[in-house]
Amino acid sequence: MEETGLHPTGGVGASARVGVFGIGLAAYWPQFPGLKETIEGYLRHVETGIATVGEIVSGGLVDTAEAGRTLGDRFAREDLDLIVLYAGTYATSTQVLPVVQRAGVPVLILNLQPQPALDYETTDTTTWLANCGVCPVPEMAGVFGRAGVPFTVITGTLSDDRAWGEIRAWCAAARVARTIRWARFGMLGHTYPGMIDMSTDVGLVHTQLGAHVEILEIDDLKDRVQAATDAEVERISERAATMLATPHDISVEAMQWGARVASGLDRLANDFSLDGLAYYYRGTGGDRIERIASNLILGNTLLTARGIPAAGEGDLKTAIAMKIMHELGAGGSFSEFCAMDFRERFFLMGHDGPAHPAISDGKPTLKELAVFHGKAGGGLSVEMRAQTGPVTILGLTQTAEG
C-alpha cells in the first residue's frame, strides 16, 4: 500500500495525542503513608494501557489546585486530542477543572476501581481511599457540565475488558478526528447538476472539521493525464490486474485509456497531497475532457484502496465520511438506497463509482460500459459484491443551522 503525504507534527495516519493525569488530595499523603505511591502505580497502569493505542502526554498526579493550573497550562500547549482523567481517590474540583478547561478537547473520566470489592473485615482507611475513586466523580461531572467541558464517565475496574474496550474506542475516535483535522480533500469539478443535497459549504469543512479543501480544475487532471508516461501507465495496469478481476472481454484500448487516466489521478493526488477526493465533470460531445471524466472509476478505486477515498457526483461530505470509515479500519464506499424488499424486510444498496476492496467479497471486477446511466460517456467501471455481515452506514450532512 502506498503512503499518502504525512503532515508536519503528525496528522494523517498519526496517533491520537492523549493527555493522561490522575487525581488525589495532598492532605492525605502525610496521613496515610504509601497511599500516594499506590495511586501512582495505578496511574502508570492506565498510561501503559493507553500507550498501546495513542501517544501519551503524561501529566502525573495532580493533588493541589496549583498543580492543576500548571498542568492546565501545559496541556493547553500540547495539541491534545483527548484528556484522560484517572480518579485515583478524592480530589477537589478546583484542582481538576484548570487541567481540562483550556485544552478544548473531550475528557474521559476513568472511574476504574482497583479491586472489584473491598474485603470489609480487613480493609483499613488507606486501602479504602485507594479504592474510592468514585467519590469525586459526581463533583467533577457537575463542574464540567457547568463549565461546558465535554466529558464521558467510564466505570468498571482497572482490569475490566469492557471498560478498556471503551477507552480504546475513544482513542481510535480521537485519532480519526486528528486525521480529519489535518486532511486535504480535493474538489474536482462540481456536484452532479440538480442534486441540491450534494452541495457542501466548503467553509464549514474548514471551520468545523479543520480539514482543507483544495478546489481543482478538470484541466489540472487533463495536464497530468497527458503527461503520463508509458511506463507509468504500465505500472497502473499491473496494479489493477493484481487488485481487480479483469475479464478478457475488456478491450485493450479501454484498459490503456483507463490506466492512463488513473496515472493522471495518481499524479494529481501526489502533487496536491490529497487525502480524499470528491469529483464529477460531464464534458461534451465525446471530446478529450469527456473521455477523461467518464474514465475516473479505475483510478479512483486504486486511490480509495490506498486510503485516498474518492466519492462521485461531487459529494464532498461523503468523501469525508469514507475517509472516517477507512481510518477506522472498516473501508467504505459511496452507497445509496436502490430498492426495498418488503417480504424479507431489507434495503438493497449499491455503490457508485470507486469500490473499496476492503469491504468486497473477493476481488472487485472491472467492467467496460458503453454508457453510464444518467451520465455522459462510457468506459471502465468497477463492480463488487459487499461482504455479508454487520453493516455500518455513516452519513454526514449539513443542516439548516449549518
Side-chain angles (χ1 to χ4, degrees), residues 1-20 50-57 75 78-84 103-108 150 152 165-188 200-214 216 266 268-279 300 302-311 315-334 354 356-359 392-398:
M1 182 175 292
E2 299 179 28
E3 296 292 333
T4 58
L6 294 180
H7 302 283
T9 76
V12 173
S15 298
R17 286 177 59 81
V18 184
V20 182
I50 295 175
T52 63
V53 288
E55 179 185 349
I56 293 291
V57 178
F75 274 2
E78 286 284 358
D79 187 29
L80 300 178
D81 303 297
L82 184 68
I83 290 177
V84 174
V105 298
V107 178
L108 292 188
T152 294
E166 290 187 48
I167 295 168
R168 287 191 290 269
W170 271 95
C171 291
R175 176 184 60 79
V176 174
R178 184 179 191 86
T179 293
I180 296 299
R181 192 166 68 247
W182 281 90
R184 291 172 54 86
F185 291 92
M187 181 66 191
L188 174 61
T200 301
D201 186 332
V202 170
L204 292 182
V205 176
H206 284 258
T207 57
Q208 291 186 5
L209 301 180
H212 173 85
V213 179
E214 187 75 15
L216 302 169
D266 248 11
L268 187 79
N270 292 333
D271 290 349
F272 289 96
S273 300
L274 299 182
D275 303 299
L277 178 68
Y279 69 94
N300 282 337
L302 298 177
L303 289 181
T304 297
R306 69 179 178 104
I308 307 175
D315 195 348
L316 178 58
K317 49 190 169 35
T318 291
I320 297 169
M322 290 169 64
K323 182 66 174 177
I324 291 171
M325 295 299 287
H326 177 87
E327 291 298 320
L328 287 172
S333 288
F334 183 150
H356 199 308
I359 66 171
T392 296
I393 300 174
L394 173 63
L396 297 184
T397 192
Q398 180 178 327

note = In short, A211 meets I180 closest at the heavy-atom pair CB-O, 3.2 Å
request  = State the CG-CH2 distance between L82 and W170, to the nearest 0.5 angstrom.
outcome  = 7.0 Å
inquiry  = Working to the nearest 0.5 angstrom, can you tell me the gap between N270 CG and I308 CD1?
reply    = 6.5 Å
inquiry  = Return the CG to CE distance between L277 and M187, rounded to the nearest 0.5 Å.
reply    = 9.0 Å
query = Any donor-acceptor pair under 3.5 Å linking the side chain of R175 with the backbone of E327?
reply = yes
message = Test your reading of the model: is there a side-chain donor-acceptor pair from R184 to the backbone of E214, 3.5 Å cut-off?
response = no
query = What distance do N300 atom CG and F334 atom CZ have between them, rounded to the nearest 0.5 Å?
reply = 12.5 Å
query = What closest approach, in Å, do G19 and L80 show between heavy atoms, and which atom pair accounts for it?
reply = N-CD2, 3.8 Å
request  = Could you tell me which non-hydrogen atom of F185 sits nearest to which non-hydrogen atom of A319, and how far apart they are?
outcome  = CE2-O, 3.8 Å
Check: H356 main-chain N/O paired with S333 side-chain donor or acceptor under 3.5 Å = yes
task = Compare every heavy atom of A103 with every heavy atom of I83, then report the nearest pair and how far apart it is.
result = CD1-CB, 3.7 Å
message = So, taking the atom named CG in L216 and the one named CG in L274, what distance separates them when rounded to the nearest 0.5 Å?
response = 6.0 Å
task = Check whether any side-chain N or O of K323 sits under 3.5 Å from a backbone N or O of G307 as a donor-acceptor pair, and report yes or no.
result = yes
note = A310 and P354 have their tightest heavy-atom pair at O-CG, 3.5 Å
Side-chain donor/acceptor of R17 to backbone N/O of E78, under 3.5 Å = yes
ask   = How many angstroms lie between atom CG of L328 and atom NE2 of H326, to the nearest 0.5 angstrom?
value = 10.0 Å
query = Do you know which of T200, L204, L316 makes side chain to side chain contact (heavy atoms under 4.5 Å, CB included) with V213?
reply = L316
Contact check, side chains of H206 and L209, non-hydrogen atoms, under 4.5 Å = no
request  = For residues D81 and S15, report the shortest heavy-atom separation together with the two atoms involved.
outcome  = OD2-O, 4.4 Å
Sub-4.5 Å side-chain heavy-atom contact between C171 and I50 = yes
